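Here the structure is a predicted model, which means the values were calculated and not measured. This chain uses plain numbering: 1 for the first residue, then up along the sequence. Only heavy atoms go into these numbers, but all of them, side chains included; no hydrogens, no water, no symmetry mates.
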Amino acid sequence: MNFHGRILPSGLLSLSTVSLAIAQTSTSVDPGHGKILFQQNCAVCHADILGEGNSAITRQGPSLVGVFGRRAGAGPNFNYTQPLKESGFTWDVSTLDRFLSNPSAMVPGTTMALLISNATDRSDVIAYLSSLKAEIASTAERTPPPVTSHKTDPGDWRNAAPGVKHHITLADLPPPYSTRSAGNGPDVVRQPANAKLSVPTGFKVGLFAAGLSNPRLMRVAPNGDIFIAETNRNRIRVLRAADGAWAPSVNQVFVEGLDRPFGIAFYPSNSSPEWIYIANNNSIVRFPYQSGDLKARGGRQLIVARLSGSHGGHTTRDIAFSRDDKRMFISVGSGSNVAEGMSKMSSDAIHRWEAEHGRGAAWDGEANRADILVTDPDGHENLRTFATGIRNGVGIAVDNETGQLWTSVNERDALGDDLVPDYITRVKEGGFYGWPWYYIGNHEDPSHAGERPDLAGQAIVPDVLLQSHSASLEMTFYTPTGGAAAFPPEYRGDIFAAFHGSWNRTIRTGYKVVRVRVSHGVPTGEYDDFLTGFVVDDNRVWGRPVGVAVAHDGALLVTEDGNGTVWRVAYVGVKGEK
């Protein structure tokens with residue numbers, strides 16, 4: 001929950017005043033219940049405690065200690081969206097209640113995705129927040145990163161350039177807490193006039209579309225239409241462009257009234273799909289579809305009514321169909337960083353739980369989370385786990401050559417600048433990938449030391465380790481064999497992935513698109529920088545890549561949600577090339 005603000009020098013509401021205001025809005029508020037809701041839904045992004053020296057703990061969102069009386073979008077150690085900064089709100093019971101009931105309606109353009117629709121739950125959360133007192137100076141500043149380390153840091157944004165190669169191995173992993181955990185979120189600014197994106201020689205990159213609202217995952221229909229999830233606006237947008245065009249001829253909303261949509265898939269997986277599937281935050285729906293549809297036809301059909309029993313935390317869900325179209329895969333991210341609030345279970349209870357949910361499956365508010373789930377395309381079969389311990393598999397894709405399921409994963413935070421590596425990997429059915437007890441194979445998480453010795457040596461080592469905190473989001477296979485903008489043959493079968501960029505690293509990393517090397521369906525463990533240039537300096541960025549998709553003509557399309565744009569990369573050839 002992004003209650004973005006800063007304590008004002010005067011006018012700070014007293015706890016008794018806040019409590020009275022809450023009491024007037026609800027006959028029986030329960031701060032204890034509000035704390036449970038906060039831990040289950042909000043703690044992955046927002047701290048409710050102070051750090052060393054009463055400093056604000058910054059995660060993906062700002063600290064909410066002392067939120068009452070703060071001016072929205074002006075707190076310490078966090079870079080806020082412009083709409084929050086310009087909203088003029090000061091957080092109190094009324095504004096928090098309105099904001100939490102529908103953030104994007106109150107502040108269009110906010111990146112806050114979680115809403116609390118139940119009025120009683122909202123009152124309980126607000127009551128809990130009212131108890132979080134702060135002693136944070138209003139002039140607190142973000143600790144600047146060291147200025148000399150970039151020369152030896154392969155993850156440093158200043159070293160990113162097309163063709164730069166990366167190959168991270170188990171031997172490269174430092175011990176936990178080798179560096180302090182950073183709170184270094186970026187200040188997202190407008191694209192500077194002199195900003196320039198870079199791509200390899202022989203390629204051209206250009207703006208394809210602008211003015212979108214929070215464009216996230218993107219998928220291309222068999223006929224070439226481009227579907228984009230505008231997650232915070234609860235809608236799907238469709239673009240249409242002729243082969244070779246550098247701008248769409250059609251740009252309109254396909255369907256709205258969804259619930260934080262992200263994943264999009266067409267079914268059957270052939271040239272004439274009959275349905276378009278959309279992954280909401282906690283459900284799967286589909287609409288009848290015929291090739292060329294620019295508006296959803298017919299009413300939505302509910303295929304999976306509920307993915308998990310908890311809300312909040314990681315909100316993105318992706319979907320993909322098996323090569324034979326008999327199974328539907330769904331990725332669901334964790335509700336927390338590392339299951340900090342999960343209860344203890346006896347060995348017998350764990351054995352019974354795993355018999356139903358899979359090896360290493362988490363429980364409580366993490367049930368059916370940090371997993372990839374599977375059912376049939378009609379949702380008739382019971383939803384079950386396909387693989388467990390995958391903290392946040394934001395993007396999934398099926399390799400049509402091998403039928404293998406892959407995922408792009410955001411790993412845990414708070415263990416230091418170079419832990420834990422994000423990863424892209426093939427997903428083994430029944431496989432356990434570590435979270436929350438282990439990471440990258442048999443590395444035990446310090447937060448759960450000694451808790452699950454039975455899982456030692458059980459976690460699968462992912463195929464491709466990525467620079468920690470890069471935030472790898474959507475991934476796609478490059479498969480075209482021709483087209484006006486098609487890449488050279490050596491790209492065929494490789495993967496492109498979008499790195500949204502770091503917030504938990506002292507030296508900024510990510511904010512680029514990379515090429516993951518795959519040889520005959522088998523990853524080599526290497527990846528190369530492909531599209532770079534979104535970072536302005538140590539504190540500012542102008543683009544945060546999210547979606548990657550291959551256009552009908554072979555071009556690569558990239559969404560970024562910092563300025564709401566789509567970029568097109570086409571191969572135009574090297575001078576003298578035949």
Can you list the steps and then say if Phe203 with Tyr571 is a ring pair (Phe, Tyr, Trp, His ring centres under 6.0 Å)? CA-CA 4 Å; Phe203 291 84; Tyr571 186 70; 4.9 Å; yes
Could you go step by step and tell me if Asp537 and Val535 meet the side chain to side chain contact (heavy atoms under 4.5 Å, CB included) rule? CA-CA 6 Å; Asp537 54 36; Val535 184; 6.0 Å; no
Go through the steps for Tyr527 and Phe496 under the test ring pair (Phe, Tyr, Trp, His ring centres under 6.0 Å), then give the verdict. CA-CA 9 Å; Tyr527 67 98; Phe496 286 100; over 10 Å; no
Please walk me through it: do Arg540 and Asp187 pass salt bridge (Lys or Arg N to Asp or Glu O under 4.0 Å)? CA-CA 5 Å; Arg540 298 178 298 160; Asp187 188 5; over 6 Å; no
I'd like to know whether Glu526 forms a salt bridge (Lys or Arg N to Asp or Glu O under 4.0 Å) with Arg517, so could you lay out the CA-CA distance, the side-chain angles of the two residues, the decisive distance to 0.1 Å, and finally the verdict. CA-CA 6 Å; Glu526 303 166 301; Arg517 300 287 186 136; 5.9 Å; no
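The neighbour count for Asn270 CG, taken as heavy atoms of other residues, nucleotides or ligands under 6.0 Å away, is above 12. At most 12 heavy atoms of other shown residues, nucleotides or ligands fall within 6.0 angstrom of atom NZ in Lys326. Residue-environment remark: CZ (Arg297) exceeds the threshold of 12 foreign heavy atoms within 6.0 Å.
A side-chain donor-acceptor contact under 3.5 Å links Asn337 and Arg391. For Gln467 and Thr509, the side-chain atoms include no donor-acceptor pair closer than 3.5 Å. The closest side-chain donor-acceptor pair between Asn251 and Arg237 falls under 3.5 angstrom. When only modelled atom types and interatomic distance are considered, Ser322 and Asp324 share a side-chain donor-acceptor pair under 3.5 Å. Residues Ser468 and Asp418 have side chains that never bring a donor and an acceptor to within less than 3.5 angstrom of each other. For Asp529 and Thr532, the side-chain atoms include no donor-acceptor pair closer than 3.5 Å. With 3.5 Å as the limit, one finds a donor-acceptor pair spanning the side chains of Asn223 and Asp225.
The CG atom of Asn368 sits 7.5 Å away from the OG1 atom of Thr385 when rounded to the nearest 0.5 Å. Rounding to the nearest 0.5 angstrom, the gap separating the OG1 atom in Thr559 from the CG atom in Leu212 is 9.0 Å. Atom CZ of Arg233 and atom CZ of Arg260 lie 15.5 Å apart (nearest 0.5 Å). From Glu411, atom CD reaches atom CD1 of Ile390 across 10.0 Å, with rounding to the nearest 0.5 Å. Atom OG of residue Ser334 and atom CG of residue Asn410 lie 9.5 Å apart, to the nearest 0.5 angstrom. For the atom pair CG of Asp417 and OG1 of Thr506, the computed distance is 3.5 Å after rounding to the nearest 0.5 Å.
Exactly one of Asp422, Asp538, Asp413, Asp153 qualifies for a salt bridge (charged side-chain N to carboxylate O under 4.0 Å, His left out) with Arg505. That residue is Asp153. Screening Leu405, Thr402, Asp463, Asp399 for a side chain to side chain contact (heavy atoms under 4.5 Å, CB included) involving Arg426 leaves a single residue, Asp463.
Put simply, the side chain of Arg286 never gets that close to the backbone of Tyr267: no donor and acceptor are under 3.5 Å apart. Side-chain atoms of Ser470 never come within 3.5 Å of backbone atoms of Gly510 as a donor-acceptor pair (strictly under, hydrogens ignored). A distance-only check finds no donor-acceptor pair linking the side chain of Asp528 to the backbone of Lys165 [under 3.5 Å]. Under the 3.5 Å distance criterion, the side-chain polar atoms of Glu230 are left unmatched by any main-chain donor or acceptor of Pro215. In this structure, Gln404 contributes its side chain and Val427 its backbone to a donor-acceptor pair below 3.5 Å. Counting only distance, with no hydrogens or angles, the side chain of Asn280 and the backbone of Asp259 share a donor-acceptor pair below 3.5 Å. In terms of modelled atom types and a separation under 3.5 Å, the side chain of Asp371 and the main chain of Ala361 share no donor-acceptor contact. Judged by distance alone, with hydrogens and angles left aside, the side-chain atoms of His500 form no donor-acceptor pair with the main-chain N or O of Pro545 at under 3.5 Å. In this structure a side-chain-to-backbone donor-acceptor pair under 3.5 Å is missing from Arg317 to Pro261. Gln252 places a side-chain N or O within 3.5 Å of a backbone atom of Leu294 that can act as its donor or acceptor partner.
Among residues two or more places apart in sequence or in another chain, the side-chain hydrogen bond (donor to acceptor under 3.5 Å, both in side chains) test is passed with Asp376 by none. Under the side-chain hydrogen bond (donor to acceptor under 3.5 Å, both in side chains) criterion, Ser408 pairs with Ser472, sequence neighbours left out.
Closest approach of Arg508 to Asn184, counting heavy atoms only: NH1-O, 2.9 Å. Between Trp542 and Val536, the closest heavy-atom pair is CD1-CG2, 3.9 Å. Summarising the geometry of Ala497 relative to Ile424, their closest heavy-atom pair is CB-CD1, 3.6 Å, with the distance given to 0.1 Å. The shortest non-hydrogen separation linking Val546 to Leu217 is CG1-N, 4.0 Å. Between Asp318 and Gly395, the closest heavy-atom pair is OD2-CA, 3.5 Å. Residue Thr407 comes nearest to Val409 through the heavy atom pair CG2-CG2, 3.5 Å, listed as atom of the first residue, atom of the second, then distance.
The side-chain heavy atoms of Thr375 and Phe329, taken from C-beta on, include no pair separated by under 4.5 Å. For the pair Arg240/Pro248, no side-chain contact is recorded, criterion being any heavy-atom separation below 4.5 Å from C-beta on. Taking the side chain as every heavy atom from C-beta outward, Leu531 and Ser198 never approach each other to under 4.5 Å.
Taking the six-membered ring for Trp and the full ring otherwise, Phe534 and Trp157 have centroids separated by 6.0 Å or more. With ring centers used as reference points, Phe321 lies under 6.0 Å from Tyr277. Aromatic rings of Phe530 and Tyr478 (six-membered ring for Trp) have centroids beyond the 6.0 Å cut-off, not under it. The distance between the ring centers of Tyr438 and Phe432 does not fall below 6.0 angstrom. Aromatic ring centres of Phe266 and Phe227: separated by under 6.0 Å.
For Glu429 and Arg384, the salt-bridge test passes: some basic side-chain N is under 4.0 Å from an acidic carboxylate O. Note on Asp561 versus Arg544: no salt bridge recorded, every NZ/NE/NH1/NH2 to OD/OE distance being 4.0 Å or above. Using a 4.0 Å cut-off between charged side-chain N and carboxylate O, Glu474 and Arg219 make a salt bridge.
Using the six-membered ring where Trp is involved, Tyr433 and Tyr423 have ring planes that are parallel, under 30° apart on the 30 and 60° scheme. Classification of the His443-Tyr439 ring pair by plane angle, with boundaries at 30° and 60°, yields parallel.
For the salt bridge (Lys or Arg N to Asp or Glu O under 4.0 Å) condition, the pairs that include at least one residue of residues 479-498, sequence neighbours left out, are Asp494-Arg515.
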